[in-house]
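Here the structure comes first, spelled out in structure tokens, and everything after it is commentary.
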Protein chains: 2
Amino acid sequence: MKSIILNGVQNMARRKDHSPEELKALVIGAVLGFLQNEPAKKLSLRQLAKMVGYSPGTLINLFGSYAHLILAANAATLDLIADKLSKALVNTQNPQDQLSVIALEYLNFAKQHPFQWQILFEHHLAEEDEVPHWQLSRIDGLFTLIEKCLEQLNPHSQNDERHKASRVIWAAVHGICMLEVDNKLFAQDSVTGESMINSLLSHYLGSWKISNQHQGDDQQ
Amino acid sequence: MKSIILNGVQNMARRKDHSPEELKALVIGAVLGFLQNEPAKKLSLRQLAKMVGYSPGTLINLFGSYAHLILAANAATLDLIADKLSKALVNTQNPQDQLSVIALEYLNFAKQHPFQWQILFEHHLAEEDEVPHWQLSRIDGLFTLIEKCLEQLNPHSQNDERHKASRVIWAAVHGICMLEVDNKLFAQDSVTGESMINSLLSHYLGSWKISNQHQGDDQQ
DNA sequence: CCTTTAATTAAACACCGTTCAAAATAAAGT
DNA sequence: ACTTTATTTTGAACGGTGTTTAATTAAAGG
């Protein structure tokens, strides 16, 4: 297996048969596969390189850095989530039910892929380089989805009211998912992520959808 | 400064004058001081040891491991937050205002100490050792605070209804803080953490407090 | 076939948390 | 005061990390 050593110091560099895009997909697959069983803390560039049969350096000049490699994996995760959400929506018409489906599907993903989901939010880029635009547009798509439901829920609502409400709902659902995945709810067994999401949506939306029925007087 | 070298290989171990408790406080102070300016990612045991003038090994057999050192610093942070919350509450009587004060004070802490706040939730212990009980009781104290407000808000509510609502509120507020600190809200400037918390509390509580006024029929 | 270009690599670098035997100190015994 | 014992504290070593770089190889162009 080891190549021939000549001259005391020697050799290597055998070109594999993967295009850059194939290799990227291979690596991202390895990341997500690893995170199915092991926490993000245990992931490393060197292990990853071993898994896909390339050297650490190859992965670095493919993605730019280890941080950007993780970012690429996170982008794939976001795509996967967006796909699940839109698929879950096709059989639901009522806008409040749609929001419920979105939130519960999101929770479901977090519970089924806790490590993959955690790394989405625990991975911080160095402050010098900003989040790439393609990442931003993915997130924007999720917000737009929520805002559309809100518009159906209350057609009299203003744009900026829906904008704010979408952020509140997203953040709240996200907080519930996070504490559920981290097991930091310290709640009795009857209180699950599902029941919390139901409580949140029914109460928040119940009040929100009637708050602007007449002459647009916002509460806050 | 360097001790005398004799015999080719040499010396060291000058006993400093700190009791274990003093040293712990010194280290925790160094952690929190560091996190005022630098992200958790850049913190390390070795730098920390240099800051307080001890060797890495000393800190390890003081706290057990680097992970437990961070845990101790997080405990100090939780105490600090609990202290701020209870102090902020003394001038507020109305229970809904109290909840608002709690949430806004919590948000304020997160914004003023983002790195210290982030490490509270991004630090995961290895699964083999559980979260210590003194940590759990601290968190339980925060929940009890919220549940007391909810009881004032709706004296007819059941114990388990308040239990659930306290978790929903806490998780939602937490989610808002997290996305605000991480700059992941992608919202227009008018939508701030404060306005989101106000929206969340007014709508959620507005519905919640009347949901059990008569014969205890819960929505979920 | 030779040259150029691009891909891939091993090795080196500067870190990291942890372990451990040895060194230095303090405390106890005489 | 001296010796012994016990306790801190440490440097050095170990195996790991992400990243850089010079060398090597394969492929492409002429």
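Throughout, protein chains are lettered first and strands after them, A, B, ... in sequence-line order, and every chain is numbered starting at 1.
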Do any N or O atoms from the side chain of A/Glu180 and from the backbone of A/Gly193 form a donor-acceptor pair under 3.5 angstrom?
yes
C/dC16, OP1 or OP2 - any side-chain N/O from B/Gln47 closer than 4.0 Å?
yes
Nucleotide D/dT19, atom C1' - distance to CG of A/Leu48 in whole Å
15 Å
Run the side-chain contact (heavy atoms from CB on, under 4.5 Å) test against B/Ile60 and tell me which residues pass, sequence neighbours left out.
B/Leu45
Using side-chain heavy atoms (C-beta onward) and a distance below 4.5 Å, is A/Leu43 in contact with A/Ile70?
yes
Measure the acute angle between the ring planes of A/Phe121 and A/Trp170, then classify it against the limits of 30° and 60° as parallel, tilted or perpendicular.
tilted
By the salt bridge (Lys or Arg N to Asp or Glu O under 4.0 Å) test, which pairs, at least two apart or in different chains, include something from residues 135-145 of chain B?
B/Asp79-B/Arg138
Considering only heavy side-chain atoms of A/Pro56, the closest of D/dT19, D/dG11, C/dT8 is D/dT19
Would you say A/Ser199 and B/Tyr204 are linked by a side-chain donor-acceptor pair, where the criterion is simply a distance under 3.5 Å?
yes
When you measure from the side chain of B/Ser202 to the backbone N and O of B/Asn198, does any donor-acceptor pair fall under 3.5 Å?
yes
Whole angstrom value for the distance that separates C1' of C/dT9 from NZ of A/Lys50:
15 Å
Close N or O pairs between protein and nucleotides 12-14 of chain C (under 3.5 Å):
none

Please list, in numerical order, the residues of residues 27-45 of chain B that have a heavy atom closer than 4.0 Å to any atom of DNA chain C.
B/Ser44, B/Leu45
Quick one: do the A/Gln118 and A/Asp182 side chains pair a donor with an acceptor below 3.5 Å?
yes
Donor-acceptor contacts under 3.5 Å from residues 97-109 of chain A side chains, at least two apart:
unit_1, atom_1, unit_2, atom_2, d
A/Gln98, NE2, A/Thr92, O, 3.0
A/Tyr106, OH, A/Trp117, NE1, 3.4
A/Tyr106, OH, A/His174, ND1, 3.3

With a 4.0 Å cut-off, would you call B/Glu122 and B/Lys41 a salt bridge?
no
Just to be sure I understand the geometry, which residues of residues 58-70 of chain B put a non-hydrogen atom under 4.0 Å away from DNA chain D?
B/Thr58, B/Asn61
